[in-house]
There are 2 protein chains.
Amino acid sequence: MTYAKYLGYVTQGQWCMTDMVDEKSTTAGPGPAAPVAKPRGRGSSIGPLAAELRVAIMRTSRRLRTEAAGHALSPGQYSVLNAVSKAPLGIGQLAEREMIQAPSMTRIVNALEADGLVARCDNPADKRQVLVKITDDGAARLIEARSKRTQWLATRIAARSPEDRAILAEAARILQEMSAQ
Amino acid sequence: MTYAKYLGYVTQGQWCMTDMVDEKSTTAGPGPAAPVAKPRGRGSSIGPLAAELRVAIMRTSRRLRTEAAGHALSPGQYSVLNAVSKAPLGIGQLAEREMIQAPSMTRIVNALEADGLVARCDNPADKRQVLVKITDDGAARLIEARSKRTQWLATRIAARSPEDRAILAEAARILQEMSAQ
DNA sequence: GCCATTTACTTAGCATTGCTAATGACCTAT
DNA sequence: ATAGGTCATTAGCAATGCTAAGTAAATGGC
């Protein structure tokens, strides 16, 4: 019950809560990480920036997730459908991609299959493996979900100034690089 | 089982999965980001930017959540502890802040209380209400968790150029504004 | 060529977290 | 004083994650 007991068993984040805190008062100062290169000037204090960016990202991601809800496609289903839209993949491959365990993926694929969005096929080369293939219904649903998923964000972006849009574009690139590491 | 049955009952996002798709092929086009500055003309295609930004944010948030795990404080517990660190709050207020329902908050507070990180107090002015107060242990744990939470991000930020940091700072501000709407 | 090991998926069961519904205690207004 | 609303808790369901164990098929050693 006390959560701590749950650790050592949890291997990756699987919690869901908001994380929508106002954490202005992080402890601030130069913060966790080291200076860098030429942190000169007063402006480049890493700690507060990291704290602020974290809050901004978590809050935005929460909004994105919330807004994406209600489309009859859970995030997991969406991810899998998207992955399978290019080429059929096995359960294990999908699980690895999504960073979950195979049984969890089996369950997701079961749900998608029950809805007729994917189909299981035999792999002639290895009959142990099940290939998950997208159906026409699945492809249609994916396209629909895809646009709805981005809709909320697209609306807000459209409302910003061109300068802000440029910054967001750059930030997207930077964030991708950082999280890829 | 089929998820669709679950809708109309779900009111907000509560799923957890990766969402860590390689959705490069969203509609794409000119590649990652748009030019800049003077976007009008053909350059300011909102759709691809929204799609890319969405992926960047979701992926980064996922990393943040994953990296934050293993500190014996779930995101929910962390949020509550942080909220309560400034002033005691009632269950209902906390629930509203976190955008969850009161029973869920009761459960979180129960866990924190069991760990001795918060304490329930009576509110003399309204005996229906329970005030959740942080304990010394809770405050200590919060500070510890706080730095660890931002550490991952701070490290990556520290490795970027000053220009990138400036962009991220701006982006954080913009994202805050957008998600606040 | 046959048996042992490994691999891929499924089934079974537990844990966490969110929600709704219903209950009990208390405040507020008539 | 009583009726109705508000706050918190308890009870019970749904979804998603995990581990452990079981089945089917491929691979390897003798």
Side-chain angles (χ1 to χ4, degrees), chain A residues 1-19 62 65-66 69-70 72-80 89-96 98-114 120-132, chain B residues 1-19 62 65-66 69 72-80 89-96 98-113 120-132:
Chain A
M1 183 68 85
T2 44
Y3 188 79
K5 285 159 58 183
Y6 186 54
L7 289 173
Y9 156 66
V10 136
T11 55
Q12 32 172 322
Q14 75 207 39
W15 305 298
C16 294
M17 241 194 96
T18 45
D19 219 307
R62 183 169 190 293
R65 210 176 301 130
T66 305
L73 218 50
S74 77
Q77 291 180 331
Y78 174 78
S79 287
V80 170
L89 290 170
I91 300 281
Q93 295 170 300
L94 285 169
E96 191 183 0
E98 300 300 329
M99 300 183 61
I100 61 176
Q101 298 305 308
S104 303
M105 184 52 70
T106 291
R107 195 195 286 155
I108 292 175
V109 171
N110 283 344
L112 287 171
E113 192 180 28
R120 280 182 165 88
C121 313
D122 285 352
N123 179 1
D126 184 344
K127 282 202 256 186
R128 288 172 306 180
Q129 198 177 36
V130 174
L131 286 179
V132 180
Chain B
M1 183 68 84
T2 45
Y3 187 79
K5 284 158 56 183
Y6 188 52
L7 289 174
Y9 156 64
V10 138
T11 53
Q12 35 173 320
Q14 74 207 43
W15 304 298
C16 296
M17 243 193 92
T18 45
D19 217 306
R62 183 173 187 293
R65 211 176 300 130
T66 305
L73 219 48
S74 77
Q77 292 181 331
Y78 174 76
S79 287
V80 171
L89 290 170
I91 300 284
Q93 296 170 299
L94 286 169
E96 190 183 1
E98 300 301 329
M99 298 185 64
I100 63 176
Q101 299 305 309
S104 305
M105 184 52 69
T106 290
R107 198 194 283 155
I108 292 175
V109 171
N110 283 345
L112 287 171
E113 192 180 27
R120 279 182 165 88
C121 314
D122 285 352
N123 179 359
D126 183 345
K127 281 202 256 185
R128 289 172 306 179
Q129 199 178 36
V130 174
L131 285 180
V132 180

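All values below come from the heavy atoms of this structure, side chains included, with hydrogens, waters and symmetry mates left out. Keep in mind the model is a prediction, meaning the values are calculated, not measured.
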Dump the pairs, protein N or O against N or O of nucleotides 2-6 of chain D, anything under 3.5 Å, distances to one decimal.
| unit_1 | atom_1 | unit_2 | atom_2 | d |
| --- | --- | --- | --- | --- |
| D/dG5 | N2 | B/R128 | NH1 | 3.2 |
| D/dT6 | O4' | B/R128 | NH1 | 3.3 |
| D/dT6 | O2 | B/R128 | NH1 | 2.9 |

Min side-chain heavy-atom separation B/V130-B/N123 under 4.5 Å: no

Grab the [atom1]-[atom2] distance between [X] and [N] for me, whole Å please.
X	N	atom1	atom2	value
A/I91	C/dT10	CD1	C1'	9 Å
A/I100	C/dA15	CD1	P	21 Å
B/K127	D/dT9	NZ	C1'	18 Å
A/D126	D/dA26	CG	P	6 Å
B/Q77	C/dT16	CD	C1'	11 Å
B/D122	C/dC27	CG	P	11 Å
B/L73	C/dT16	CG	P	15 Å
A/L89	C/dA8	CG	C1'	14 Å

Nearest heavy atoms of A/Q77 and A/A111, plus distance in Å: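 Shortest heavy-atom separation between A/Q77 and A/A111 comes out as NE2-CB, 3.4 Å.
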
Over all atoms of both residues, closest heavy-atom pair of B/D122 and B/L131: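 Minimum heavy-atom separation between B/D122 and B/L131: O-CD1, 4.5 Å.
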
Counterpart residues, side chain to side chain contact (heavy atoms under 4.5 Å, CB included), relative to A/Q93 (two or more places apart):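 For A/Q93, the residues satisfying side chain to side chain contact (heavy atoms under 4.5 Å, CB included) (neighbours in sequence not counted) are A/L89, A/Q129.
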
Closest approach to the side chain of [X], judged atom by atom: which nucleotide of [options] is it?
X	options	value
B/S74	C/dT17, C/dC9, C/dT20	C/dT17
B/Q129	D/dA8, C/dG18, C/dC27	D/dA8
B/Q101	C/dT20, D/dA25, C/dT10	C/dT20

All side-chain hydrogen bond (donor to acceptor under 3.5 Å, both in side chains) counterparts of B/D126, not counting sequence neighbours: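 Testing B/D126 for side-chain hydrogen bond (donor to acceptor under 3.5 Å, both in side chains), a comparison that skips the adjacent residues, returns B/R128.
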
Qualifying residues under side-chain hydrogen bond (donor to acceptor under 3.5 Å, both in side chains), relative to A/E113, sequence neighbours excluded: A/R120

With a 4.0 Å limit, can you tell me whether [X] has a side-chain N or O closer than that to the phosphate oxygens OP1/OP2 of [N]?
X	N	result
B/R107	D/dG12	no
A/S104	D/dC18	yes
A/T106	C/dC9	no

Between CG on residue A/L94 and OG on residue A/S104, distance to nearest 0.5 Å: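 Spacing of CG (A/L94) from OG (A/S104) equals 12.5 Å.
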
Which residue lies more 5' along DNA chain C, comparing A/L131 with B/A102 via nearest heavy atoms: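 Its nucleotide being nearer the 5' end, the pick is A/L131.
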
